[in-house]
Amino acid sequence: MSIGYACLTMGVLNTQFKTCRKENATDENLYKLIENNLNSLENIIDYNIKNNIKLFRISSDLIPFGSSEINKLPWHIIFKERFKKIGEKIKKSNIRVSMHPGQYTVLNSPKPEVVEKAIKDLEYHTIVLDLLDTNTKSKIILHIGGIYNEKNKSIKRFIENYRLLNNQIKERILIENDEKFYNICDVLSISEKLDIPVVVDNLHNKINPCNNKNDVYYWIKEANKTWKNEDGTQKVHYSQQNPSLKTGAHSETIYIKDFMEYYNYLPYKDIDIMLEVKDKNLSAIKCINSISIENKIFALEKEWAKYKYKVLETSPASYKKIRELLKDKSGYPVLEFYTLIEDALKNKIIKGNAVNAALHIWGYFKDIASQKEKENFLKKLRQFENNNVSLKNIKTFLFNISIKYKVKYLLENYYFYF
DNA sequence: TGACGTCAAGATCCG
DNA sequence: CGGATCTTGACGTCA
């Protein structure tokens, strides 16, 4: 089993994806953006290797306007070697990458120009995965599309249009149940006709179920029959509802107790789980650590180093408890550890706690900062206490001073990223 | 025509 | 000027 995350990272330096508006999409500009984005992708892959994350979805924004007329750069030739180098890292480290065109890539549209664009978009995604020299276990996940008042006709159109695709695209495509129109039964029946592997999305299935008598584990077993050897391990999508947002909105983090219930009920563990969640890689690491059967107390210590100032800021009581929890090096209290962090982060930040955490960070600089920096920081802190300066402002100051004095330990600390 | 979802660019405002 | 905050863009479908 591999567990992974989609597209972006939290708290990893130099992994930002850039884009531009149509009006600014000159060759020069696009060249710079693509160069930046490929560097970011490589940094993400390096990060995944370092953290033993074996599943990752590459952002469709890798190449701005990658499937559009607007981008006239022959980027697939210009950056061929860049792709190749990144692809070698991916292969060597046995990472499985995938891609997922957005909701606006609609293969079953009644409008020919929309279908044409969708095909172009699928070609673009295929080119990226080909340039990385990935095999057919690297997939492109697609939704079925719209209904247009005639579901049966729309399904038929999906089937017809799919058949028009070339084989390189076809052997990469997966289809997934969505939260509005095509439930898991619809998708499985389309799969039967076209021989496409099916991805089961738990949250979509909850919102848009096929019936009430079968649970998600049943559908995972059914979907398993659609996967062949050359497709690799069966993949599923896993996400949780954000309790304060509208139906279908992903949660801030994967709450570990709910995930473990899902994990424990899985009928078999030879499944790759793609998490869809706001805190991205953080949840991936959390879930990977949580299903570990070996004692990885060192992994929790590593995690604690990144979370601790954030926890101190939100809940000094939890901070104390976690420190106690990690004292026993013979145990591996992984679920307690993450649950304490989750509960702490649910708290609203109280000013006094924020000041306390900021002072802890400042501890790294109080002996090396210049007089002016000291005055500046203490002034800002006073202003924060008087509501004249935001906490974000304090954090930006501390982040910038971490860069200046090259305190690498702090730069990727989660304190700066929430 | 606005809402949907998602991110970052771009615009604007503030001190 | 830098920083913070608001608005727009890019996509297609549906109400």
Side-chain angles (χ1 to χ4, degrees), chain A residues 5-10 14-26 29-30 32-34 36-37 40-41 44 57-71 99-122 124-125 141-151 153-155 157-158 161 176 178-182 201 203-204 207-208 237 239 241-242 244-252 276-280 376 379-380 383-384 386-401 403 416-417:
Chain A
Y5 64 101
C7 306
L8 307 175
T9 59
M10 238 183 96
N14 305 315
T15 57
Q16 297 296 107
F17 287 97
K18 293 187 174 196
T19 185
C20 67
R21 301 269 170 90
K22 264 181 178 176
E23 62 204 65
N24 299 324
T26 59
N29 206 6
L30 287 168
K32 276 189 207 148
L33 294 171
I34 296 169
N36 170 84
N37 291 354
S40 290
L41 176 62
I44 291 174
R57 179 190 301 164
I58 296 173
S59 170
S60 298
D61 295 336
L62 183 68
I63 309 294
F65 304 102
S67 65
S68 160
E69 291 290 309
I70 292 159
N71 188 340
M99 295 187 85
H100 190 3
Q103 57 183 298
Y104 300 109
T105 301
V106 187
L107 191 60
N108 78 339
S109 173
K111 299 176 192 160
E113 69 275 16
V114 173
V115 176
E116 202 180 310
K117 275 186 196 168
I119 294 173
K120 283 241 160 68
D121 204 41
L122 293 171
Y124 154 65
H125 286 84
I141 293 93
L142 189 63
H143 290 289
I144 305 302
I147 298 278
Y148 315 96
N149 296 318
E150 292 175 296
K151 196 165 180 179
K153 271 194 178 171
S154 300
I155 289 174
R157 216 166 30 243
F158 181 89
N161 291 342
E176 180 196 354
D178 66 65
E179 76 272 42
K180 281 205 179 87
F181 309 126
Y182 295 93
D201 183 302
L203 186 60
H204 293 165
I207 300 165
N208 180 24
H237 287 176
S239 60
Q241 173 67 44
N242 185 319
S244 41
L245 298 180
K246 52 179 66 89
T247 304
H250 293 149
S251 59
E252 291 296 320
E276 294 180 320
V277 59
K278 293 282 175 196
D279 73 355
K280 304 289 180 184
N376 203 346
K379 187 180 155 201
K380 263 187 198 295
Q383 285 176 316
F384 170 66
N386 297 323
N387 295 322
N388 291 323
V389 136
S390 67
L391 181 54
K392 209 176 162 193
N393 190 302
I394 303 273
K395 290 195 182 189
T396 304
F397 175 87
L398 287 169
F399 185 75
N400 287 336
I401 202 168
I403 294 174
F416 291 118
Y417 299 92

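Everything quoted here is computed from the prediction, not taken from an experiment. So you know, we letter chains A, B, ... as the sequences are listed, proteins then strands, and number each from 1.
Checked against the 6.0 Å centroid threshold, A:His143 and A:His100 count as a close aromatic pair.
Within the nucleic acid shown, A:Asn393 comes within 4.0 Å of sugar-phosphate atoms alone, with no base atom in reach, counting heavy atoms only. Heavy atoms of A:Thr105 sit nowhere under 4.0 angstrom from any nucleic acid atom. Using a 4.0 Å heavy-atom distance criterion, A:Gly146 is classed as a sugar-phosphate-only contact.
Side-chain contact of A:Asn393 with A:Lys380: a donor-acceptor pair under 3.5 Å is present, judged by distance alone. Looking only at atom types and distance, the side chain of A:Thr26 has no donor-acceptor partner in the side chain of A:Asn24 under 3.5 Å away. A side-chain donor-acceptor contact under 3.5 Å links A:Thr15 and A:Thr9. The closest side-chain donor-acceptor pair between A:Asn108 and A:Ser154, if any, does not fall under 3.5 angstrom.
Projected onto DNA chain C by closest heavy-atom contact, A:Glu113 and A:Ile394 fall at different nucleotides, the more 5' of which corresponds to A:Ile394. Residue-to-nucleotide proximity on DNA chain B shows that, of A:Asn29 and A:Gly248, the 5′-proximal contact is made by A:Gly248. Residues A:Cys20 and A:Ile147 each lie close to DNA chain C; by heavy-atom proximity, the contact nearer the 5' end of the strand is made by A:Cys20.
Heavy-atom minimum distance, A:Tyr148 versus A:Arg157: CD1-NH2, 3.2 Å.
Rounded to an integer number of Å, the gap from A:Asn37 CG to B:dC7 P is 15 Å. Rounded to whole angstrom, the span from the CG atom of A:Asn24 across to the P atom of B:dA9 amounts to 11 Å. When the C1' atom of B:dC7 is taken as reference, atom CE of A:Met10 falls 15 Å away, rounded to whole Å. In this structure, A:Asp61 atom CG and B:dC7 atom P are separated by 9 Å, rounded to whole Å.
Within the 3.5 Å criterion, the main-chain N or O of A:Thr396 finds a donor-acceptor partner in the side chain of A:Asn400.
Checking the phosphate oxygens (OP1, OP2) of B:dG10, no side-chain nitrogen or oxygen of A:Lys22 falls inside 4.0 Å.
Nucleotides of DNA chain C lying under 4.0 Å from heavy atoms of chain A occupy a range whose first and last members, 5' to 3', are C:dG3 to C:dC14.
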